[in-house]
Amino acid sequence: MRIDKYFKISRIIKRRAEAKKACDTHSVLINGRIAKPGDNVKTQDIISIYFRDKILEIVVLEVPVGNVPVSRSSQLYRITKEEKRYFDEE
């Protein structure tokens with residue numbers, strides 16, 4: 001499954017266009033390498049996402065075949081690291 005679609009289905013990023021933009025701006029890494037929106041995700045991949053205010057690292061537990069209910073979307077991954085990002089204001 002493409003990473004932009006995985007983000008939408010797992011509800012990590014709500015819209016596929018936003019997921020594509022995150023990849024295009026090099027804010028997403030798959031196993032330590034910069035991800036493109038069309039890169040495939042597989043189980044046990046480590047995905048790092050650099051949001052504006054935090055860094056999120058997840059491990060892919062399951063790649064679904066189709067859409068999943070909202071109640072099950074958080075079971076597709078496990079958060080391994082979540083930390084706030086601080087910016088120096090000058």
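All of these numbers come straight from a predicted model, not from anything done at the bench. Numbers here simply count residues along the sequence, with the first being 1. Because only heavy atoms are used, hydrogens play no part in the values below, and waters and symmetry mates are left out as well, while side chains stay in.
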Enumerate donor-acceptor pairs with a distance under 3.5 Å from any side-chain N or O in residues 18-25 to protein atoms, sequence neighbours excluded.
{"from": "E18", "atom 1": "OE2", "to": "R15", "atom 2": "NH1", "distance (Å)": "2.7"}
{"from": "K20", "atom 1": "NZ", "to": "D24", "atom 2": "OD2", "distance (Å)": "2.7"}
{"from": "T25", "atom 1": "OG1", "to": "K21", "atom 2": "O", "distance (Å)": "3.0"}
{"from": "T25", "atom 1": "OG1", "to": "A22", "atom 2": "O", "distance (Å)": "3.1"}
{"from": "T25", "atom 1": "OG1", "to": "S27", "atom 2": "OG", "distance (Å)": "3.2"}

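Contact record, N40 with R2: OD1-N, 3.8 Å, taken as the closest heavy-atom pair.
Side-chain contact check for Q44 versus V59: some heavy-atom pair is nearer than 4.5 Å. At a threshold of 4.5 Å between non-hydrogen side-chain atoms, the residues S74 and R11 do not count as touching.
Hydrophobic clustering, with ILVMFWY side chains joined whenever heavy atoms are under 4.5 angstrom apart, groups Y6 together with F51. A continuous path of hydrophobic side-chain contacts links I79 to I9 [ILVMFWY only; heavy atoms under 4.5 Å].
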side-chain contact (heavy atoms from CB on, under 4.5 Å) between I12 and F7, worked out: CA-CA 5 Å; I12 294 170; F7 283 155; 4.1 Å; yes
Candidate pair L76 and V68, rule side-chain contact (heavy atoms from CB on, under 4.5 Å), full reasoning: CA-CA 9 Å; L76 301 176; V68 296; 4.0 Å; yes
CA sep, side-chain torsions, deciding dist, call: V28, I47, side-chain contact (heavy atoms from CB on, under 4.5 Å): CA-CA 7 Å; V28 178; I47 300 173; 4.0 Å; yes
Chi angles and distances behind the side-chain contact (heavy atoms from CB on, under 4.5 Å) call for I58, I46: CA-CA 6 Å; I58 65 166; I46 298 171; over 6 Å; no
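In this structure a side-chain-to-backbone donor-acceptor pair under 3.5 Å is present from T80 to E57.
In the hydrophobic clustering (ILVMFWY side chains linked at under 4.5 Å, chained through shared members), Y50 is joined by L29, I34, I55.
A salt bridge links K42 and D45; the closest N-O separation between the charged side-chain nitrogens and carboxylate oxygens is under 4.0 Å. Under 4.0 Å is where a charged nitrogen must lie from a carboxylate oxygen, and between E83 and K54 no such pair does.
If you take CD1 on I3 and CZ on R16, they are separated by 11.5 Å, rounding to the nearest 0.5 Å. Taken from NZ in K8 to CD1 in I13, the straight-line distance is 12.5 Å, to the nearest 0.5 Å.
A salt bridge (charged side-chain N to carboxylate O under 4.0 Å, His left out) check over residues 63-81, counting only residues at least two apart or in different chains, returns the pairs E62-R72.
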